[in-house]
Amino acid sequence: MDRIGVLTSGGDAPGMNACIRAVTRAAISKGYEVVGFVKGYQGLLYNKYRSLTARDVSDIIHTGGTILGSDRCLEFKEWDNVGKGKQNCDELLLKGLVVIGGDGSFKGALDLTKAGLPCIGIPGTIDNDIGCTDYTIGYDTAMNTAMDMADKLRDTIQSHDRCAVVEVMGNKAGWIALNVGTAVGAMAIITMECDHTLEEIAGKMKAMNATGKHHFMVIVSEGVAKIQKTTVFEIADRLQAATGVETRATVFGHVLRGGNPTLRDRVSATQMGYHAVNLLDDGISKRVVGERGGFVVDYDIEEALKMTKDFDMNLYKIANDISL
Ligand code: F6P
């Protein structure tokens, strides 16, 4: 019997389990056996896998993390290791492989297709930083988690008339920061995609203070720290010095990667997983699945890796304009 393989790679994201479930059950419904590789490309390279039955993926649609484990496998960037992985897949009689992860994971899938193994990528990352799709699995849950945490933070900054400077994940992209900042009514959103100076933000804070606003929330994307080599702690110190408002920094960090996936993440993960198996079953390979305007689409992996997406400057302007 032909087999279809599945793995999760890179940073984990809520909804990966829902996607593994969809891939497994879609494949079984078409008559395949399913093999799940453990810890991403590591499992492929070192032959660590488990067979997945319909029952093995019961009761996981609502859980965070990934039952297969995940890893960023640097060894898989070496061509010899890609060959070794392909050989392992041949021995397992794999018809094709579904890779759930980000851009780095798709590069591995591209190499495997070049080595002769049909592969399909599915965007699974909280960062929403993949050009070929409007939406990535895990993004919605991460944003909602950050929003809940920021709401809790608001209680205490309100009580103490403080400013909170919050760093949210997102790698080098500001999508989570932009949406969370908008959803919590942040006084300022700082991301790499938008122009801002701390002097401007401090000036705005002082003006708002003068009109009776005494607590403030500033949401900073992780990319600012990664690229500008500054930290939310430095930003908080500088804002406090410039405004006199007592300011605290908080890093939400990896908490955003955990938790039960939202409805949106579960549904998207299910649709994309199902679509990926259909592609392999139709003999189609070297594609990345995505969402465009609410529809499931797919693109050639090489084209997908070159795609970029425009930051939502309109939302940024709205959030900024109404922060008074
Ligand atoms: O890509 C997901 C992500 O959580 C990013 O937001 C973050 O920059 C990175 O992974 C953190 O990676 P690690 O878990 O390896 O520290």
Side-chain angles (χ1 to χ4, degrees), residues 7-20 38-43 63-77 99-109 121-150 166-181 189-193 219-233 235 249-262 264-265 268-269 272 288 290 304-305 307-309 311:
L7 61 83
T8 47
S9 165
D12 63 350
M16 279 184 163
N17 281 336
C19 196
I20 293 168
V38 176
K39 281 195 153 290
Y41 289 111
Q42 256 196 53
T63 59
T66 156
I67 58 161
L68 294 175
S70 192
D71 192 33
R72 300 181 204 279
C73 182
L74 298 179
E75 283 167 285
F76 211 71
K77 292 189 173 160
V99 172
I100 308 165
D103 275 345
S105 312
F106 299 156
K107 287 189 189 119
I122 296 181
T125 165
I126 63 165
D127 302 331
N128 198 33
D129 59 349
I130 296 180
C132 72
T133 183
D134 294 342
Y135 183 81
T136 59
I137 297 167
Y139 173 48
D140 189 56
T141 307
M143 289 191 295
N144 278 290
T145 301
M147 183 183 72
D148 288 346
M149 292 167 78
V166 177
E167 180 189 300
V168 293
M169 273 194 172
N171 200 4
K172 293 178 183 160
W175 288 102
I176 296 178
L178 172 65
N179 284 278
V180 171
I189 300 167
I190 306 182
T191 77
M192 284 309 297
E193 293 89 344
I219 302 287
V220 184
S221 76
E222 179 191 24
V224 172
K226 282 196 172 181
I227 298 165
Q228 290 182 343
K229 309 275 179 237
T230 179
T231 67
V232 279
F233 300 96
I235 294 173
T250 308
V251 178
F252 284 176
H254 286 81
V255 181
L256 303 200
R257 291 237 298 255
N260 295 354
T262 58
R264 172 88 158 94
D265 276 329
S268 291
M272 291 196 212
V288 174
L305 285 171
M307 289 181 186
T308 53
K309 66 180 162 197
F311 199 61

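Only heavy atoms go into these numbers, but all of them, side chains included; no hydrogens, no water, no symmetry mates. Atoms within a ligand are numbered from 1 in the order they appear, just like the ligands themselves. Note that the structure is a prediction, hence the values are computed from the model and not measured.
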For atom 16 (O) of ligand 1, find the nearest protein heavy atom and state the residue, atom name and distance (0.1 Å precision). His254 NE2, 3.2 Å
Which residue holds the protein heavy atom closest to atom 4 (O) of ligand 1, what is that atom called, and what is the gap in Å? Arg257 NH1, 2.7 Å
Could you give all pairs that pass the side chain to side chain donor-acceptor pair (under 3.5 Å) test and reach residues 166-178, with sequence neighbours left out? Asn171-Lys226
Atoms of ligand 1, numbered as shown, that sit under 4.0 Å from any heavy atom of [X]:
X      : value
Lys226 : 8 (O)
Gly170 : 6 (O)
Glu222 : 5 (C), 6 (O), 7 (C), 8 (O)
Asn171 : 5 (C), 6 (O), 8 (O)

Can any side-chain N or O of [X] pair as donor or acceptor with the backbone N or O of [Y] at less than 3.5 Å?
X      : Y      : value
Asp265 : Gly138 : yes
Tyr41  : Ser105 : yes
Ser268 : Thr136 : no
Thr308 : Gly131 : no

State whether the shortest distance between N or O atoms of Ile126 and N or O atoms of ligand 1 falls below 3.5 angstrom.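 No; every N/O pair is 3.5 Å or more apart.
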Take every heavy atom of Arg72, measure it against each atom of ligand 1, and state whether any distance is under 4.0 Å.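 Yes.
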Any Gly102 heavy atom less than 4.0 Å to ligand 1: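 No; Gly102 lies far enough from ligand 1 that no heavy-atom distance drops under 4.0 Å.
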Is the closest side-chain donor-acceptor distance between Thr262 and Asp140 under 3.5 Å?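 Checked: Thr262/Asp140 side chains pair up, N/O donor to acceptor below 3.5 Å.
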